[in-house]
Amino acid sequence: MRKGKKHHQVNNNGNRSTGNGNEKRQGECGSWKKKKLFDIHQALISDPVDIETLRKAAVSEGGLLTDDIRRKVWPKLLNVNVFSLPPKPGMRVAEREVLQEQLIDIILDVLRRNPQLHYYQGYHDIVVTFLLVVGERLAIALVETLSNHHLRDFMDPTMDSTKHILNYLMPILEQVDRELHDFMLRAEVGTIFALSWLITWYGHVLSDFRHVLRLYDFFLASHPLMAIYFAAVIVLHREKEVKSSECDMAMVHHLLSKIPQDLPYEELICQAQSLFLRYPPSMLAKSAALQSRKSIAISTFQDFQLTTLQQRPDSVLRRQRPGTADLATADVAAPTPTAANQLVKMAVWGLSATLGAAALAVAQTALEWGPDFLLQLF
C-alpha cells in the first residue's frame with residue numbers, strides 16, 4: 001500500500017506547516033498571552049487598581065510573562081507607590097563590583113530603617129532577584145515591605161520562627177501521602193533539606209533565572225506559607241524516588257536536597273495552590289507542634305492584603321507628584337537574557353557560595369555605622 005505524500009502548507013509568515021496542529025497551538029498561545037497582557041493592563045489602569053486580577057495573573061500559567069510587567073505589578077502586589085520611593089542609599093564610594101555594592105547597600109538600608117529585622121544567610125538571594133528585575137531604588141521599597149510581611153518570620157534574632165514554618169511541611173505530606181510521610185519519619189530526615197528553598201524562595205537552588213521569577217510571581221501574589229506548600233509538592237512529585245531509596249537519614253536528605261532542574265513548574269504551582277485551599281494553614285495548625293508559636297507573617301497577612309485593595313493607578317499617582325519621573329523603570333537597564341543569566345550566576349551563585357563572606361561584608365560596613373547597629377543585624 002502506497003503512502004500518500006505529506007502535504008506542507010505555507011502560512012502567512014512564509015513558514016511551512018506540517019498540518020499537525022503546531023501552527024494552531026502557536027496561534028492559541030499567542031492569543032492567550034495577548035489576552036493576559038490586556039487583562040493586566042486593564043487591571044493596572046483601573047481606579048482603584050484591580051488587585052485581584054493582578055494576583056490571578058501572577059499565579060496563573062506563565063505568571064507575569066515579562067520583567068517590564070513585573071516592574072509594574074510587583075509594586076502593586078506589595079502596595080508600594082513607585083512615585084514615592086526612598087532615596088538611593090549612596091552609603092560609600094564604590095570599590096567593588098557595582099552589583100555587589102548595590103546589593104549590600106539595599107540590605108543595609110532596609111535593616112537600618114527596620115531595627116526589628118535581622119539579616120539571615122540567604123536573604124541576599126531574595127534581594128538580588130529584586131535588584132536585577134526592578135533596579136536599586138524600587139528594590140529597596142519592595143524588599144522593605146516584603147521583609148516586614150512575607151519574610152518577617154525569617155528575620156527574627158533566632159531560627160525559632162523559621163523552624164516553625166518548616167514544621168508545616170510534614171503535616172501537608174501526611175494529609176496527601178501517609179506512606180511517604182511515614183517513610184520520611186522512619187528515615188528521620190526531618191525538614192532541614194527544605195530550609196534553603198524556603199528562606200530564599202528557591203533563588204539559591206534553581207539555576208534558571210526564568211524559573212526563579214516564575215516562582216516569585218506566584219509567591220508575591222500568595223499567602224506567606226505558599227513557599228512551604230510548594231516544597232511539599234516537590235517532595236510529592238519525587239515520591240517514587242524517595243520510597244525506592246534506602247530508608248536512611250543521610251541518603252534521603254541527600255536525595256531531597258538536590259532539586260531537579262527540569263521540574264514541571266506550572267503543574268506544581270497548580271498543585272500547591274490546590275493543596276493550600278484543601279489543607280489551609282488553620283487546619284494544619286491544629287497539630288500540637290504548630291500551636292506552640294505564633295507567626296507574625298501569618299497573623300498580619302489578612303490586614304496586609306486589605307491595604308492593597310484601594311491603590312490608585314500610576315497615572316493618578318504621577319499627577320499627584322508633578323515632575324516626578326517613573327521611578328519604577330528609572331534606574332533599570334533591561335539586560336538581554338544572556339546578560340541576565342550571567343548576572344544571576346555572578347550575583348546569586350557567586351555570593352551564595354561565599355555566604356560567610358557576604359555576611360561579613362554586611363557586618364564590616366555596619367561597623368562603620370556603629371556597634372549598636374551591628375547588634376541589630378544578627
Side-chain angles (χ1 to χ4, degrees), residues 51-52 54-56 58-60 63 77-79 116-117 120 122 126 145-156 158-178 180-182 184-185 189-203 214-237 239 256 265 267-309:
I51 196 69
E52 287 304 320
L54 296 181
R55 286 191 185 120
K56 289 177 182 176
V59 169
S60 62
L77 294 177
L78 292 176
N79 193 21
Q116 76 279 10
L117 302 178
Y120 65 88
I126 289 180
T145 300
L146 193 69
S147 300
N148 278 294
H149 293 282
H150 289 68
L151 307 179
R152 181 61 184 83
D153 291 320
F154 310 146
M155 306 195 71
D156 274 354
T158 70
M159 289 281 292
D160 290 345
S161 294
T162 301
K163 286 188 245 180
H164 168 73
I165 301 300
L166 279 171
N167 283 341
Y168 279 83
L169 178 58
M170 294 303 288
I172 298 172
L173 297 179
E174 184 179 20
Q175 293 291 336
V176 182
D177 190 331
R178 176 64 70 89
L180 175 62
H181 168 268
D182 292 348
M184 291 176 64
L185 282 184
V189 67
T191 57
I192 197 68
F193 65 86
L195 177 62
S196 63
W197 309 356
L198 179 66
I199 64 176
T200 69
W201 275 11
Y202 300 81
R214 178 65 188 98
L215 290 181
Y216 274 50
D217 291 342
F218 178 43
F219 296 148
L220 284 170
S222 303
H223 189 279
L225 282 182
M226 191 58 78
I228 203 67
Y229 280 81
F230 194 78
V233 297
I234 290 178
V235 176
L236 290 165
H237 178 72
E239 58 95 10
L256 288 174
Y265 289 94
E267 179 183 330
L268 296 183
I269 285 172
C270 289
Q271 290 176 8
Q273 196 174 19
S274 176
L275 285 183
F276 182 86
L277 295 174
R278 193 172 172 188
Y279 309 111
S282 58
M283 172 182 171
L284 300 176
K286 293 176 182 177
S287 164
L290 301 178
Q291 289 180 340
S292 61
R293 190 172 189 87
K294 185 176 182 181
S295 163
I296 297 176
I298 297 172
S299 61
T300 61
F301 180 64
Q302 187 172 5
D303 289 339
F304 170 69
Q305 275 200 313
L306 290 175
T307 67
T308 67
L309 297 179

Under a 4.5 Å cut-off applied to non-hydrogen side-chain atoms, are [X] and [Y] in contact?
X: D153; Y: H164; answer: no
X: Q175; Y: L284; answer: yes
X: P281; Y: F276; answer: yes

Measure the [atom1]-[atom2] distance between [X] and [Y] for me, rounded to the nearest 0.5 Å.
X: L146; Y: M155; atom1: CG; atom2: CE; result: 9.5 Å
X: K163; Y: L198; atom1: NZ; atom2: CG; result: 13.5 Å
X: H150; Y: L78; atom1: NE2; atom2: CG; result: 6.5 Å
X: E174; Y: L180; atom1: CD; atom2: CG; result: 11.5 Å
X: I126; Y: L151; atom1: CD1; atom2: CG; result: 4.5 Å
X: I199; Y: L166; atom1: CD1; atom2: CG; result: 8.5 Å

Taking all non-hydrogen atoms of both residues into account, name the closest pair between [X] and [Y] and its distance.
X: W197; Y: F193; answer: NE1-O, 3.6 Å
X: V59; Y: R214; answer: O-NH2, 2.7 Å
X: P171; Y: Y168; answer: CD-O, 3.3 Å

Could you pull out all donor-acceptor pairs under 3.5 Å where a side-chain atom in residues 215-224 meets a protein atom, sequence neighbours excluded?
| from | atom 1 | to | atom 2 | distance (Å) |
| --- | --- | --- | --- | --- |
| Y216 | OH | T200 | O | 3.1 |
| D217 | OD1 | R70 | NE | 2.9 |
| D217 | OD1 | W74 | NE1 | 2.9 |
| D217 | OD2 | L64 | N | 2.9 |
| D217 | OD2 | R70 | NE | 3.2 |
| D217 | OD2 | R70 | NH2 | 3.0 |
| S222 | OG | F218 | O | 2.6 |
| H223 | ND1 | L225 | N | 3.0 |

(request) Take Q271 and L236 through the test side chain to side chain contact (heavy atoms under 4.5 Å, CB included) and record every step on the way to the result. (result) CA-CA 10 Å; Q271 290 176 8; L236 290 165; 5.9 Å; no
Output a table of donor-acceptor pairs, distance under 3.5 Å, between side-chain atoms of residues 226-234 and any protein atom two or more places apart or on a different chain; print 'none' if there are none.
| from | atom 1 | to | atom 2 | distance (Å) |
| --- | --- | --- | --- | --- |
| Y229 | OH | Y279 | O | 2.5 |

(request) Would you please test R278 and V176 for side chain to side chain contact (heavy atoms under 4.5 Å, CB included) and show each step? (result) CA-CA 10 Å; R278 193 172 172 188; V176 182; over 6 Å; no
(request) Could you please spell out the steps behind the side chain to side chain contact (heavy atoms under 4.5 Å, CB included) verdict for N148 and Q116? (result) CA-CA 9 Å; N148 278 294; Q116 76 279 10; 2.8 Å; yes
(request) For R152 and L117, run side chain to side chain contact (heavy atoms under 4.5 Å, CB included): C-alpha distance rounded to whole Å, both residues' side-chain angles, the deciding distance at 0.1 Å, then the answer. (result) CA-CA 8 Å; R152 181 61 184 83; L117 302 178; 3.7 Å; yes
